[in-house]
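Only one structure is covered here, and it is reproduced in the block below.
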Amino acid sequence: MDVIKDLNPEQLEATTTMDRPVLVLAGAGSGKTRVITYRIAYSIFEKFNHPGEILAVTFTNKAAGEMKSRVSQLLQQDVSRLWITTFHSACVRILRQYIDKLGYKKDFSIYDDTDQAGVIREALRSLGQDPKENNIRGISSRISGAKSSLVSPLEFRRMAMSPLQKTVADVYTLYEAILKRNNAVDFDDLLTLAVKLLEEHKEVRDHYRERFKHILVDEYQDTNHVQYRMMQMLSMNKTMVCAVGDDDQSIYAWRGADIQNILNFEKDYPGVKIVKLEQNYRSTQPILDAANRLIHKNSQRNEKKLWTAKKEGQPVQFLLMENEMEEARWVGQQIYYWQNYANRSYGEVAVFYRTHAQSRAFEDVFRGMRIPYRVVGGIKFYDRKEVKDLLAYLRALANPQDEVSLKRIINIPTRGIGDKTLEKIQAYAAAKGISFPAALKESNLLDSISPKTRAKLIEFDSMMDQLRRDCQGMGIKDFLMQLIERLNYFNYLEQSSPVDEEQRIRNVEELVSAAADFENSSEDPSPSAYLNQVALLTDVDIANDANGIVSLMSLHAAKGLEFPLVFLSGMEENIFPSIKESDEDYLTELEEERRLCYVGITRAREQLYLTAAQGRRMYGQMMFNQPSLFIEEIKPQMVNLRHTRNRGNYDDRNSRARRKWIYG
DNA sequence: ACGCCAGGTATTTTT
DNA sequence: TACCTGGCGT
């Protein structure tokens with residue numbers, strides 16, 4: 001295999017070691033995707049693995065897609081049996097096959113965060129608690145945390161001490177019951193149920209353990225406990241195992257990612273070969289020096305030192321502005337020069353910030369300066385009302401037990417079925433001990449509901465039945481189009497939201513064309529297959545045509561990307577790092593913030609600017625923060641601008657000291 | 001059933 | 001400051 005000739009010695013070792021487990025500690029920009037794809041190719045060409053015997057798992061659909069296309073380019077053969085997927089879609093595939101062993105039906109629905117919040121709200125209400133929004137979020141993240149550490153409602157209840165935890169335990173129990181009744185699972189369930197399946201059903205476990213001879217996991221530093229368990233279950237006692245990751249880029253601890261998984265890899269896989277990839281092919285030396293200086297301050301890490309052959313480069317610069325508008329204007333100015341004097345493209349530029357709220361100043365300024373931009377993240381395409389409506393129809397049609405989806409669409413478009421009616425059906429269902437959809441079928445027996453409304457209910461129900469029949473054998477695109485037509489959905493959009501109606505229609509059209517794409521590219525173009533993948537899709541996956549447009553995004557969204565010109569904005573205490581010294585676990589959290597900063601820095605290929613504002617409007621109030629601790633640690637070149645001279649009452653002793661340090 | 005207003009609340013979110 | 005949600009009035 002001559003493709004491996006262009007690998008460096010470390011990459012080569014990581015690619016070809018097959019007789020023992022391999023842990024690849026891949027620094028930013030060191031070619032880890034290359035190692036994974038070449039390893040797959042190598043194991044097929046040299047170890048005679050069949051593509052169907054390989055499982056490669058990543059976190060994002062985008063990464064999986066990229067890897068897939070690179071592998072099929074390398075192999076030049078049929079790769080349809082090769083599993084290169086996200087954890088979640090691998091689990092969906094397993095569950096669609098065997099979930100009946102856990103007492104679910106194979107056409108289960110996948111609930112997203114919003115659906116989840118709705119279920120929790122319902123659970124709280126039926127427990128006689130006040131469903132406050134902040135409550136719901138807190139509870140949902142606790143439930144999610146429990147699930148991703150494989151803690152059952154029963155165990156959770158046993159450990160619950162405080163009143164809050166007891167409430168969570170109650171909600172958790174009820175929540176699970178409701179999901180089960182709806183034949184639905186949430187994102188966490190995809191993983192936990194797959195693990196459960198593998199743990200409790202030997203025949204399933206054996207099937208996959210036998211099938212997958214070669215297992216690769218990307219971004220291993222971000223795996224949580226369930227993912228870890230799953231990986232263990234499939235790969236235990238195998239030699240063709242490869243985990244790739246960078247502990248310095250672990251930025252999801254707050255979501256349950258356990259950095260110990262990567263730090264303990266040696267213990268879990270005895271005889272492991274550890275390969276460090278330290279040559280960076282992305283950035284210039286000044287940028288890497290900055291990154292190294294910063295990350296060196298962390299204690300919980302495997303020592304690594306990135307280097308590059310690109311010794312020459314612009315210094316990393318830091319600028320302190322007066323406020324966030326000045327900051328945005330200055331950045332806009334630089335971008336303008338980049339495009340118009342350096343003759344480079346807007347598409348090569350990215351602006352990063354810690355929180356989405358900070359995008360606003362940039363958007364305002366860029367709009368004024370006619371700089372084209374896109375905001376990555378924020379409101380998700382699949383969270384838009386009109387998109388969710390149509391998908392809820394598809395789900396309700398595919399899974400007749402799905403109450404959440406059914407209730408969502410029962411009055412969309414408006415057909416005179418309101419909350420009161422729903423309550424009556426619900427009460428009837430509870431009294432008779434049947435499900436909501438079953439009660440709906442019998443609604444003509446409900447004399448508490450007016451004959452007129454009863455007729456509407458029957459009409460709705462038979463429409464659903466009819467759609468269900470028509471859906472048989474129809475492609476997803478045609479089916480969606482027919483659904484839109486039958487519902488007169490565009491008409492409904494015009495009436496219900498006359499302001500942004502054209503945007504909403506465009507969203508629906510985009511949904512239809514995404515469905516068409518799916519139909520053309522997928523082996524199984526059925527509506528249920530479409531639902532599987534659409535539930536797991538995110539914005540990043542669809543809106544990546546950044547051609548000629550500046551990208552604005554949070555630092556978390558920046559992971560895995562690279563840009564020639566990068567602005568890291570809002571480098572201020574309390575903003576980035578966004579934690580306070582008084583916080584519990586301050587040091588641990590500070591280290592995660594530092595890794596986040598490291599991720600941001602290492603996105604830059606040629607030029608990196610760090611910016612901060614002395615004052616910044618937040619929540620309608622002016623806030624004054626010192627430049628970030630990270631500035632001291634990075635030691636960038638300080639650029640003094642005349643207009644950033646300090647004035648006014650925020651010249652307290654601290655900021656004077658900090659400035660003195662910065663400007664000498 | 002729908003529209004308007006008040007009040008609460010604002011990290012990061014691969015799936 | 002600005003958004004979103006839920007409650008209330010029509």
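In this text the structure is predicted, and so the values were computed from the model without any measurement. Convention: sequence-line order gives letters A, B, ...; per-chain numbering from 1.
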Exercise. Counting any heavy atom closer than 4.0 Å, what does A:Asp222 reach on the DNA or RNA strands: base, sugar-phosphate only, or nothing?
Worked result: base
Exercise. Just by distance, with hydrogens left out, do A:Tyr111 and A:Asp402 show a side-chain donor and acceptor under 3.5 Å apart?
Worked result: yes
Exercise. Does A:Arg121 have a side-chain nitrogen or oxygen under 4.0 Å from the phosphate oxygens OP1 or OP2 of C:dG6?
Worked result: yes
For this session: Measure the distance from CD on A:Glu572 to P on B:dT11 and round it to the nearest whole Å.
Result: 16 Å
Problem set entry | Whole angstrom value for the distance that separates P of C:dT1 from CD of A:Glu363 | 19 Å
Exercise. Of all the choices, B:dT14, B:dT12, B:dT11, which nucleotide is nearest to the side chain of A:Phe59 once you look at every atom?
Worked result: B:dT14
Exercise. To the nearest angstrom, how far is A:Arg594 atom CZ from B:dT12 atom P?
Worked result: 21 Å
Report, one pair per line, the protein and nucleotides 2-6 of chain B atoms (nitrogen or oxygen only) whose separation is under 3.5 Å.
unit_1	atom_1	unit_2	atom_2	d
B:dC2	OP1	A:Thr414	OG1	3.1

Exercise. Would you say a side-chain N or O of A:Thr355 is under 4.0 Å from OP1 or OP2 of B:dA10?
Worked result: no
Can you give me the N/O atom pairs linking the protein to nucleotides 2-4 of chain C at distances under 3.5 Å, or say none if there are none?
none

For this session: Determine: side-chain N/O of A:His356 to OP1/OP2 of B:dT13, distance under 4.0 Å, yes or no.
Result: yes
Exercise. A:Glu591 and A:Thr588: side-chain donor and acceptor closer than 3.5 Å?
Worked result: no
Exercise. Starting at NE2 of A:His556 and ending at C1' of B:dT14, how long is that distance when rounded to a whole Å?
Worked result: 10 Å
For this session: Examine the side chains of A:Ser89 and A:Thr86 and answer whether a donor and an acceptor come within less than 3.5 Å of each other.
Result: yes
Exercise. Are side-chain N/O atoms of A:Ser551 and A:Arg374 paired as donor and acceptor at under 3.5 Å?
Worked result: yes
Problem set entry | Candidate pair A:Asp389 and A:Arg504, rule salt bridge (Lys or Arg N to Asp or Glu O under 4.0 Å), full reasoning | CA-CA 12 Å; A:Asp389 283 349; A:Arg504 285 171 190 274; over 6 Å; no
Exercise. Any idea how A:Phe362 and A:Tyr353 line up, ring-wise: parallel (<30°), tilted (30 to 60°), or perpendicular (>60°)?
Worked result: parallel
Problem set entry | A:Asn261 CG - B:dT14 P separation (whole Å) | 20 Å
Exercise. Hey, which of A:His225, A:Gln232, A:Met230 is the one that makes side-chain contact (heavy atoms from CB on, under 4.5 Å) with A:Val195?
Worked result: A:Met230
Exercise. Looking for any heavy atom pair under 4.0 Å, which part of the strands does A:Phe87 touch: base, sugar-phosphate only, or nothing?
Worked result: nothing
Problem set entry | Under the side-chain hydrogen bond (donor to acceptor under 3.5 Å, both in side chains) test, residues paired with A:Tyr373 that sit two or more places apart | A:Glu363, A:Arg367
For this session: Take the protein atom CG of A:Leu596 and the nucleotide atom P of B:dT12, then report the distance between them rounded to whole Å.
Result: 11 Å
Exercise. Pick the nucleotide of DNA chain B nearest each of A:Thr223 and A:Thr421; which residue has the one closer to the 5' end?
Worked result: A:Thr421
For this session: Could you measure between the two C1' atoms, the one in C:dT5 and the one in B:dT12, and give it in whole Å?
Result: 23 Å
Exercise. For A:Glu593, which contact category applies under a 4.0 Å heavy-atom criterion: base, sugar-phosphate, or nothing?
Worked result: base
For this session: Decide, applying a 5.5 Å centre-distance limit and a 30° plane-angle limit (both strict), whether A:Trp254 stacks on B:dT12.
Result: yes
Exercise. Under the 3.5 Å rule, do the base of B:dT13 and the side chain of A:Arg255 count as making a donor-acceptor pair?
Worked result: yes
Exercise. For atom C1', what is the distance between C:dG6 and B:dT11, given to the nearest Å?
Worked result: 25 Å
Problem set entry | Salt-bridge criterion met for A:Lys196 and A:Asp189 (N-O under 4.0 Å) | no
Exercise. So which one's nearest nucleotide on DNA chain B is more toward 5', A:Glu589 or A:Gly416?
Worked result: A:Gly416
For this session: Assess the side chains of A:Asp186 and A:Tyr175: does a donor N or O sit below 3.5 Å from an acceptor N or O?
Result: yes
Exercise. Can you tell which of C:dT1, B:dT11, B:dT13 lies closest to the side chain of A:Ile579?
Worked result: B:dT11
For this session: Would you please classify the geometry between the A:Tyr220 ring and the A:Phe265 ring as parallel, tilted or perpendicular, with 30° and 60° separating the classes?
Result: perpendicular
Seminar exercise, completed: To the nearest angstrom, the CE-C1' distance between A:Met623 and B:dT11 comes to 13 Å
Exercise. In terms of base orientation, is B:dT11 syn or anti, with the syn window spanning 90° either side of 0?
Worked result: syn
Seminar exercise, completed: In whole angstroms, the gap separating C1' of B:dT13 from CD of A:Gln116 amounts to 12 Å
